[in-house]
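Below: the structure, in structure tokens.
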Amino acid sequence: NLSEKLNDIFRKLKAHGKLTEENVKGGLREIRLALLEADVNYKVVKNLIENIRVRAVGQEVMGSLTPGQQVVKIVYEELTSLMGGTGQELDFSGRPPWILLLVGLQGSGKTTSAGKLAQHLKTKGRRPLLVPADVQRPAAIEQLIKLGDQVSVPVFPSTTDMNPVEIASKARANAGEYGCDTLILDTAGRLQIDEDLMEELKAIKSKLDPNEILLVADAMTGQEAVNVAKTFNKWLDLTGVILTKMEGDARGGAALSIKAVLDRPIKFVGVGEKLNALEPFHPDRVASRIMG
Amino acid sequence: VMGVKEIGDDVLEDLEEILITSDLGVQTTKTLIKIISDKVARRELNSPDRLKEVLREEILKILSSPQQAPQKQVRPLVILVVGVNGVGKTTTIAKLARRFISQGQKVMLVAADTFRAAAVEQLQIWSERVGADIVKQQTGADPSAVVFDALHAAQARNTDIVIIDTAGRLHTKVNLMEELKKIKRISGREMTGAPHEVLLVLDSTTGQNAVSQAKLFNEAVGVTQLAMTKLDGTAKGGILVAIAHDLNLPIRYIGLGEQMDDLTDFEVEPFVEALFG
Ligand SMILES: Nc1nc2c(ncn2[C@@H]2O[C@H](COP(=O)(O)OP(=O)(O)OP(=O)(O)O)[C@@H](O)[C@H]2O)c(=O)[nH]1
Ligand SMILES: Nc1nc2c(ncn2[C@@H]2O[C@H](COP(=O)(O)OP(=O)(O)OP(=O)(O)O)[C@@H](O)[C@H]2O)c(=O)[nH]1
Ligand SMILES: [Mg+2]
Ligand SMILES: [Mg+2]
């Protein structure tokens with residue numbers, strides 16, 4: 001793994017006497033390869049390597065008796081600090097009904113995450129209403145109704161002859177009748193380049209002024225994670241991210257890419273198909289995983 | 001550049017960026033850059049344009065190498081569709097059914113995803129839209145039992161093609177992969193030789209994890225064909241090059257949208273064109 005490789009490299013280099021800036025290049029190359037193998041975006045890696053290089057040629061490494069370990073520590077710190085930060089709580093400021101809007105590419109896990117959020121919020125004493133606003137995918141509304149049933153959360157009775165903006169505003173108007181104070185809106189998956197569908201999300205946003213607009217993204221996403229996140233952000237000004245399917249063996253570089261380009265917190269990770277499989281995001285754990 | 005110090009380093013770096021950002025992955029990119037830089041070292045290549053041409057040729061070679069076995073002449077032909085969660089299996093099945101039906105074939109869909117909420121309903125709607133038969137049971141039923149019943153019915157009903165929809169599953173979940181092996185075994189028990197095709201569906205937005213997916217699904221149930229979906233998006237799907245190189249699995253279908261007609265056959269030339277586009 002990366003730590004072993006770096007310890008090896010720096011042990012050999014230090015054995016030849018004083019460590020030089022030129023020597024550090026070999027270590028940086030290994031770090032770069034590890035990050036690219038973890039699916040971190042090419043440009044994000046470039047910037048990150050430069051930040052690491054600046055620290056690696058400083059006294060903390062050059063003057064150290066264990067330069068390899070110092071470099072490992074620097075990489076771990078840089079990744080953790082890039083992915084961490086404040087704002088991991090959901091925004092429940094202002095008055096109810098609070099509104100969470102879930103958006104993302106096709107198949108990323110929005111509908112399932114809506115069910116998970118409903119479960120999670122219930123345990124926090126909130127009264128969520130699940131709102132199916134995907135009228136395009138076959139049986140999407142049925143899917144959310146079944147999930148709502150599994151977690152005993154009411155589901156707004158959308159039908160496929162309604163349009164998503166109308167569903168959203170009707171749900172908000174009627175939230176009180178369901179005894180609910182929080183709306184979780186599930187939307188249809190869409191390509192970030194589909195202007196009509198991005199306009200539709202923008203319309204939902206201006207109608208409802210959601211407290212949270214969360215990008216639901218797949219942990220195994222490759223290089224396009226940056227383009228997708230950037231574009232969704234440009235249209236909607238996202239408030240956070242949910243990273244799904246994290247319990248697999250994907251290295252999860254998408255987490256780093258997305259955080260780097262959005263500078264918005266990853267609020268939750270999905271770690272399974274069941275509705276209790278939602279966890280807070282741990283930047284340090286994901287940093288180790290990305291390092292490999 | 002990937003551990004190679006040659007003349008034309010910045011040209012190689014540009015090529016490396018194209019390959020990595022197209023999701024070819026580190027290993028395949030290293031392999032290709034090495035081939036190119038070896039040719040440069042042997043003075044077989046000296047112009048940057050020629051470098052790019054040779055790179056295309058090498059990728060074409062890799063993608064053209066896996067040979068699709070000829071279509072089995074058997075009735076019903078049984079296709080088992082597998083893959084991780086959310087990649088587009090169910091939608092791809094609808095597209096395949098639509099194509100076979102338009103060719104005059106009688107198609108039966110098998111709702112063997114008995115786990116996910118409304119998975120059966122989703123396939124049911126597609127079967128009605130494309131005009132296929134469907135065999136299903138209640139959620140929570142044993143998927144192998146659904147498949148067993150379906151194959152029995154298909155053989156009795158003069159069906160030409162049976163397509164089995166399975167639940168999405170991460171390749172690292174041993175119990176779920178065992179379930180898939182069982183579905184395959186049970187198919188073979190009800191009809192010798194079934195499933196005749198095992199179609200692994202991959203999502204073009206997936207990075208290097210797709211190689212791990214292909215490897216483990218292949219080890220578990222023997223993948224005979226690949227489909228890659230969502231190529232109507234901005235991802236290049238370059239990981240197909242890595243998979244062709246490492247596992248030699250034939251790439252059959254490309255998904256280009258969410259409607260029943262959005263399926264095309266994979267063709268090497270247009271795919272490589274789009275990689276460098
Ligand atoms: N393994 C795993 N599977 C997940 C996770 N979250 C969602 N899924 C699965 O991913 C698949 C897609 O989930 P959906 O919730 O239907 O995705 P979606 O974004 O709503 O899809 P569209 O509405 O078609 O865009 C389903 O099989 C889910 O069970 C997760 O954290 N881990
Ligand atoms: N844009 C685009 N979307 C696609 C394509 N193929 C499938 N989809 C969409 O991807 C989402 C998931 O498709 P499904 O067919 O439900 O995927 P699945 O693999 O069966 O999902 P699970 O059964 O939950 O594992 C749906 O919203 C589909 O419409 C494609 O080629 N292009
Ligand atoms: Mg959905
Ligand atoms: Mg499915």
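Values in this document were obtained by computation on a predicted structure and should not be read as measured data. Naming convention: chains lettered A, B, ... in sequence-line order (proteins, then strands); numbering from 1 in each chain.
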Taking every non-hydrogen pair under 4.5 Å, which of B:Ala210, B:Ala235, B:Gly207, B:Ala119 racks up the most with chain A? B:Gly207

Toward chain A, the part of B:Glu128 with a non-hydrogen atom under 4.5 Å: neither

Between A:Leu105 and chain B, with a heavy-atom cut-off of 4.5 Å, which part of the residue counts as in contact: side chain, backbone, both or neither? side chain

Top of A:Lys46, A:Lys245, A:Arg251 for chain B proximity - count of heavy-atom pairs under 4.5 angstrom: A:Lys245

Please state whether the side chain, the backbone, both or neither of B:Gln124 comes within less than 4.5 Å of a heavy atom of chain A. neither

Which one wins on heavy-atom pair count under 4.5 Å against chain A: B:Glu258, B:Lys173, B:Glu121? B:Glu258

Between B:Leu170, B:Thr172, B:Thr234, the one whose heavy-atom pairs under 4.5 Å with chain A are most numerous: B:Thr234

What part of A:Glu247 lies closer than 4.5 angstrom to a heavy atom of chain B: side chain, backbone, both or neither? both

Is the shortest side-chain heavy-atom distance between B:Leu199 and B:Val82 below 4.5 Å? no

Could you tell me whether a side-chain N or O of A:Thr221 sits under 3.5 Å from a main-chain N or O of A:Asp218, the two making a donor and an acceptor? yes

How are the rings of A:His120 and A:Phe268 set to each other: parallel, tilted or perpendicular (split at 30° and 60°)? perpendicular

Is a side-chain N or O of A:Glu4 found less than 3.5 angstrom from the main chain of A:Asn1, in a donor-acceptor match? yes

Heavy atoms only: give me the nearest A:Val271-A:Leu278 pair and the separation to one decimal. CG2-N, 4.4 Å

Can you tell which part of B:Ser212 gets under 4.5 Å to a heavy atom of chain A, answering side chain, backbone, both or neither? side chain

Between A:Lys43, A:Glu142, A:Gln150, A:Gln106, which has the largest tally of heavy atom pairs under 4.5 Å with chain B? A:Gln106

The interface call for A:Arg137 against chain B, heavy-atom contacts under 4.5 Å, is side chain

Is the shortest side-chain N to carboxylate O distance from A:Glu224 to B:Lys236 below 4.0 Å? no

Considering only heavy atoms and a distance below 4.5 Å, find which of B:Gly238, B:Gly168, B:Ser22, B:Ala118 pairs most often with chain A. B:Ala118

If you count heavy-atom pairs under 4.5 Å between each of A:Gly107, A:Ala139, A:Pro138 and chain B, which one has the most? A:Pro138

Counting only heavy atoms closer than 4.5 Å, note whether B:Leu176 contacts chain A via side chain, backbone, both or neither. side chain

Does any part of the side chain of A:Leu79, heavy atoms only, come nearer than 4.5 Å to the side chain of A:Val75, both counted from C-beta? yes

Would you check if A:Met246 and A:Val286 make a side-chain contact, meaning some heavy-atom pair closer than 4.5 Å? yes

For chain A, the option from B:Thr139, B:Thr229, B:Asp232 that forms the most heavy-atom pairs under 4.5 Å: B:Asp232

So, do B:Phe266 and B:Phe271 have ring centers that fall under 6.0 Å from each other? yes

Minimum side-chain heavy-atom gap A:Val135-A:Asn163 below 4.5 Å: no

